[in-house]
Amino acid sequence: MTSLFALVDCNNFYASCERVFDPRLEGKPVVVLSNNDGCIIARSNEAKALGIKMGQPAFEVRELVKQHGVQVFSSNYELYGDMSRRVVNTLAQFTPSLEVYSIDESFLDLGDFLAHPDVAAYAKEIKETTKLWTGIPVSVGVAPTKTLAKLANRLSKKWTDAAGVLVLTEAQAIEEALQRTAVEDVWGIGRQHAQRLRQQGVHTALDLRNLPDAWVKKHMAVTGLRTVRELRGEPCADLELEVPAKQNICTSRSFSRPLTELTDIEEALATHVVRCATKLRKQHSCAGALTVFLTTSRFAAKEQQYYDSRTARLPGPTGSELELLHQARRLLRGMFRHGYRYNKTGVILSELVPETQVQLTLFGGEQSEKQAKLMQALDSLRDRFGHGVVKNGVQGTAQRWIMSQEHCSPCYTTRLDEIIRAR
DNA sequence: TCTGGGGTCCTAGGACCC
DNA sequence: TCTGGGGTCCTAGGACCC
């Protein structure tokens with residue numbers, strides 16, 4: 001029995017989301033910006049054709065944008081998250097086991113490939129149904145391992161004949177695909193490994209597949225070996241059907257402009273802590289430790305640089321943002337130095353344990369029970385009325401650090417007052 | 001002027017214990 | 001003078017992913 005995986009990847013996902021609700025964008029170059037409108041994180045095909053690069057700073061493409069009428073959007077994660085759910089719900093129609101790998105990619109277990117006399121037709125149906133039901137164009141790669149399915153998916157977009165669907169089951173087709181894939185484009189091969197491999201004369205995925213195990217193990221560890229085996233068609237990674245609880249939760253943002261005053265930074269940090277604690281409670285965990293970091297911009301080469309991070313172990317695992325805020329503020333005050341132009345702060349919660357475990361071991365003192373009730377109340381208010389509805393005093397109101405988002409589209413699907421109107 | 005944010009896994013080496 | 005060997009835990013750092 002041969003396993004069979006499909007990787008379904010949404011094409012230019014964020015740009016496609018913007019397009020679904022604004023048909024005037026069809027055929028035009030579209031880009032989506034990162035937080036603070038800093039750099040490009042999604043591009044439509046037309047924008048790619050103009051030479052706009054992934055991760056490129058927005059100011060570098062200003063001229064290009066003007067010249068070619070590129071449509072620019074700030075990122076709107078509320079919209080993208082909702083569209084992502086719709087896509088996943090559609091894909092779930094095609095398989096009982098599905099792994100949501102990222103906001104725009106899912107692996108589908110297609111079971112035994114003998115059970116699919118015409119895999120290609122099935123893959124095409126997945127693609128067409130998703131477009132029809134959600135408006136989002138996707139590409140589908142099918143192969144006996146996840147790594148090969150990734151590779152097939154990539155080629156399905158590159159090879160115009162494939163038209164967004166590529167099935168790699170025949171040995172010869174796999175070989176050709178490997179031959180035509182650069183080694184750095186293999187899933188799991190990053191910059192460092194690619195450079196080393198190239199020095200060894202390994203230039204294609206096929207060369208990589210043919211390396212001896214011992215060499216791979218020595219230089220690329222067991223993760224590298226898994227990748228190579230998967231290229232050979234031996235499945236080493238199963239689907240992860242349940243989303244594992246995160247082991248760390250982090251919230252951080254660059255400031256919209258450099259900050260020098262402690263009070264401004266405290267406000268920003270407090271806001272991150274509240275966000276982070278909300279994520280923590282959403283996955284029903286408590287944190288045993290908290291880390292705060294503070295840094296200047298690494299791009300401001302001429303300025304004095306500063307980076308520090310400090311960790312506090314909490315007296316006991318907690319989900320209370322009041323306690324976390326208190327600790328975070330203490331750590332920040334210990335790190336803060338006058339005379340620097342800071343550009344970012346953030347918080348990381350770690351040593352996470354399930355909420356239930358804490359309730360059992362902490363004999364729920366009256367105080368902690370009160371706090372838990374308060375947190376529940378806050379969560380439900382914020383769920384219903386948006387995150388800004390209840391704030392802690394330290395979050396402040398001046399918010400001189402707040403994110404710039406000058407090109408945000410409406411939340412068409414999740415906010416009643418921003419719903420699309422037909423004229 | 002303007003350069004994202006959030007994760008995971010693996011390994012090596014030190015501390016410590018018996 | 002002789003100066004083991006193995007196990008565990010923790011941390012920092014590297015590499016990768018989207």
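Chain A is the first sequence line, chain B the second, and so forth, proteins listed ahead of strands; every chain is numbered from 1.
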When we call it a touch if two heavy atoms are under 4.0 Å apart, what does A:D37 touch: a base, just sugar-phosphate, or nothing? nothing
For residues A:D37 and A:S404, is any side-chain donor paired with an opposing acceptor at under 3.5 Å? no
Which part of the nucleic acid does A:Q56 contact within heavy-atom distance under 4.0 Å: base, sugar-phosphate only, or nothing? nothing
Residues A:L332, A:L294; criterion side chain to side chain contact (heavy atoms under 4.5 Å, CB included); working and verdict: CA-CA 8 Å; A:L332 178 65; A:L294 175 65; 4.0 Å; yes
With a 4.0 Å cut-off on heavy atoms, is A:I249 in touch with a base, just the backbone sugar-phosphate, or nothing at all? sugar-phosphate
Could A:R415 and A:D417 be called an ion pair, given the rule that one side-chain N must be under 4.0 Å from one carboxylate O? no
Please classify the nucleic acid contact of A:S75 as base, sugar-phosphate, or nothing, using heavy-atom distances under 4.0 Å. nothing
By a strict heavy-atom criterion of less than 4.0 Å, which residues belonging to residues 212-225 of chain A are in contact with DNA chain B? A:A221, A:V222, A:T223
Do A:S139 and A:D9 have side-chain N/O donor and acceptor atoms under 3.5 Å apart? no
Please convert DNA chain C into dot-bracket. A pair counts if it is Watson-Crick or G-U wobble with both distances under 3.5 Å; crossing pairs go in [ ] and bases paired with another strand get |. ....||||||||||||||
With sugar-phosphate meaning primed atoms plus P, OP1 and OP2, does A:S404 contact a base, only sugar-phosphate, or nothing at under 4.0 Å between heavy atoms? nothing
Decide yes or no on side chain to side chain contact (heavy atoms under 4.5 Å, CB included) for A:L79 and A:S409, but give the supporting numbers first. CA-CA 9 Å; A:L79 176 66; A:S409 56; 4.1 Å; yes
Output the residues of residues 275-291 of chain A in contact with DNA chain C, where contact means a heavy atom of the residue under 4.0 Å from an atom of the strand; sort by number or write none. none
Map A:R253 and A:R341 onto DNA chain B by nearest heavy atom, then report which one ends up closer to the 5' terminus. A:R341
At a heavy-atom distance below 4.0 Å, what parts of residues 182-207 of chain A sit against DNA chain C? A:V186, A:W187, A:G188, A:I189, A:G190, A:R191, A:Q192, A:H193
Would you please name every residue forming a side-chain hydrogen bond (donor to acceptor under 3.5 Å, both in side chains) with A:N153, sequence neighbours left out? none
Can you confirm whether or not the ring centre of A:F94 sits under 6.0 Å from the ring centre of A:W133? no
So A:E60, base contact, sugar-phosphate only, or nothing? Heavy-atom distance under 4.0 Å. nothing
Parallel, tilted or perpendicular: which describes the rings of A:Y340 and A:Y306, with under 30° parallel and over 60° perpendicular? tilted
Just by distance, no angles: are the side chains of A:R196 and A:Q199 close enough, under 3.5 Å, to form a donor-acceptor pair? no
Measure the acute angle between the ring planes of A:W215 and A:H219, then classify it against the limits of 30° and 60° as parallel, tilted or perpendicular. tilted
For A:F5 and A:F107, I'd like to know if the aromatic rings sit close, meaning centre-to-centre distance below 6.0 Å. no
Starting from the 5' end of DNA chain B, give me the residue, A:T251 or A:N343, whose nearest nucleotide shows up first. A:N343
Run A:V140 and A:S156 through side chain to side chain contact (heavy atoms under 4.5 Å, CB included) and show every step you take. CA-CA 7 Å; A:V140 186; A:S156 80; over 6 Å; no
Is the count of non-hydrogen atoms from other residues, nucleotides or ligands lying under 6.0 Å from A:Q195 atom CD greater than 12? no
Looking just at side-chain N and O atoms, do A:E46 and A:S44 make a donor-acceptor pair shorter than 3.5 Å? yes
How far, in whole Å, is C:dG4 from B:dC16 if one measures between their C1' atoms? 16 Å
Using the ring centroid of each side chain, check whether A:Y342 and A:F336 are separated by less than 6.0 Å. yes
Are A:D383 and A:K282 ion-paired here, with the side-chain N under 4.0 Å from a carboxylate O? yes
Reading DNA chain C 5' to 3', which nucleotide is the first, and which the last, to come under 4.0 Å of any heavy atom in chain A? C:dA15 to C:dC18
Under 4.0 angstrom, heavy atoms only, what part of the nucleic acid is A:K53 near: base, sugar-phosphate, or nothing? nothing
